[in-house]
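Since the structure comes first, as structure tokens, the remarks are kept for the end.
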Amino acid sequence: SGVGLVGLTIAALGAASVDLTDLDGEDVDNPSGLISNLKRNIELNGFGEIARARRLDWREEDDQDATYDVVIASDCIYYPEIVLPLAETIKRCLVKGENTVAYVVSPDRDWSDAKYPRASFQDLRLALESIQCTILSTTPFLTRAPLSSNTESLLLMEVVAPNDSA
């Protein structure tokens, strides 16, 4: 969730309930204080009745007790070793039924100059398919930050879990 921008937007658009999740204090990419910052932002924006912040580690099934009609994962693809746990979490968190869906959006990053292995959007797509999730669509789009001439390529994937998942 980072600062919770996507979850807070969903709450502002009228969702009945929203969970904002992140790791907290794992390493340099996940500094401590993320969950407390999410809680502050929820309260600051008046969504304390419908939104909650909680820790979610995709590698730990004990953290995954909730199910949802809609799952949104934004900018979560970094390390190869977390791609399959992320895919399994998406599958596990979707309520069994016809009207449940996950939306995954991520920058289409060029990791060619990375100092250590990095995962790609395609890696997540393959992991989701390997656990029998269905990719309904993949949509590329571009964004540009204010006062910048650089565009960033993003990818949006719409995913459903198999009917036998819980």
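Computed from a predicted structure; not experimentally measured.
- Contact detail for Ile42 and Arg52: the closest heavy-atom pair is CD1-C, 3.6 Å.
- Classification of Asp113 and Arg118 as a salt-bridged pair fails, no side-chain N sitting under 4.0 Å from a carboxylate O.
- Between Cys133 and Ala161, the shortest heavy-atom distance links the atoms SG-CA, 4.1 Å.
- What you find for Val70 and Ile72 is that their closest heavy atoms are CG1-CG1, 4.0 Å.
- Of all non-hydrogen atoms in Leu38 and Ala53, the two that sit nearest each other are CB-CB, 3.6 Å.
- Residues Thr143 and Pro107 have side chains not in contact (no heavy-atom distance under 4.5 Å, counting atoms from C-beta outward).
- With hydrophobic clusters built from ILVMFWY side chains whose heavy atoms lie under 4.5 angstrom apart, Leu86 shares a cluster with Tyr116.
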Where do Glu43 and Lys39 land on the salt bridge (Lys or Arg N to Asp or Glu O under 4.0 Å) test, with the steps shown first? CA-CA 6 Å; Glu43 292 304 319; Lys39 289 177 181 177; over 6 Å; no

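- When atom types are taken as modelled, the side chain of Asp108 and the backbone of Ser153 share no donor-acceptor pair closer than 3.5 angstrom.
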Determine, stepwise, if the pair Leu155 / Ser106 fulfils side chain to side chain contact (heavy atoms under 4.5 Å, CB included). CA-CA 6 Å; Leu155 295 166; Ser106 182; 5.7 Å; no

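- Between the side chain of Asn37 and the backbone N or O of Leu34 there is no donor-acceptor pair closer than 3.5 Å.
- Put simply, OG1 on Thr134 and CG on Leu136 are 6.5 Å apart, with the number rounded to the nearest 0.5 Å.
- The CG atom of Leu8 sits 6.5 Å away from the CZ atom of Phe47 when rounded to the nearest 0.5 Å.
- Following chains of ILVMFWY side-chain contacts shorter than 4.5 Å, one can reach Trp58 starting from Val104, so the two form part of one hydrophobic cluster.
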With side chain to side chain contact (heavy atoms under 4.5 Å, CB included) as the test, would you mind laying out the steps for Cys76 and Ile82 before giving the verdict? CA-CA 9 Å; Cys76 296; Ile82 60 90; over 6 Å; no

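- In plain terms, the two heavy atoms of Gly4 and Leu20 that are nearest each other are CA-CD2, 3.4 Å.
- Residues Ile77 and Gln122 form no side-chain contact, since every pair of their non-hydrogen atoms from C-beta on lies 4.5 Å or further apart.
- For the atom pair SG of Cys93 and CG of Leu56, the computed distance is 6.0 Å after rounding to the nearest 0.5 Å.
- A distance of 12.0 Å separates OG1 of Thr67 from CZ of Arg92, quoted to the nearest 0.5 Å.
- A distance of 8.0 Å separates CD1 in Ile35 from CZ in Arg55, rounded to the nearest 0.5 Å.
- Lys91 is listed as a side-chain neighbour of Pro162, based on a closest heavy-atom distance under 4.5 Å.
- Here the CD atom belonging to Glu88 is positioned 10.0 Å from the CG atom belonging to Leu128, to the nearest 0.5 angstrom.
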Are Thr89 and Val71 close enough, and set up right, to give a side chain to side chain contact (heavy atoms under 4.5 Å, CB included), and what steps lead you there? CA-CA 10 Å; Thr89 299; Val71 171; over 6 Å; no

As a quick check of understanding, evaluate side chain to side chain contact (heavy atoms under 4.5 Å, CB included) for Val105 and Tyr103, giving each step before the final call. CA-CA 7 Å; Val105 64; Tyr103 297 101; over 6 Å; no

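- The local environment of CD in Glu81 is crowded, with over 12 non-hydrogen atoms from other residues, nucleotides or ligands closer than 6.0 Å.
- For the residue pair Ile50 and Ala15, the shortest heavy atom distance occurs at CD1-O, 3.6 Å.
- The hydrophobic clustering, which links ILVMFWY residues whose side-chain heavy atoms are closer than 4.5 Å, places Leu156 and Val6 together.
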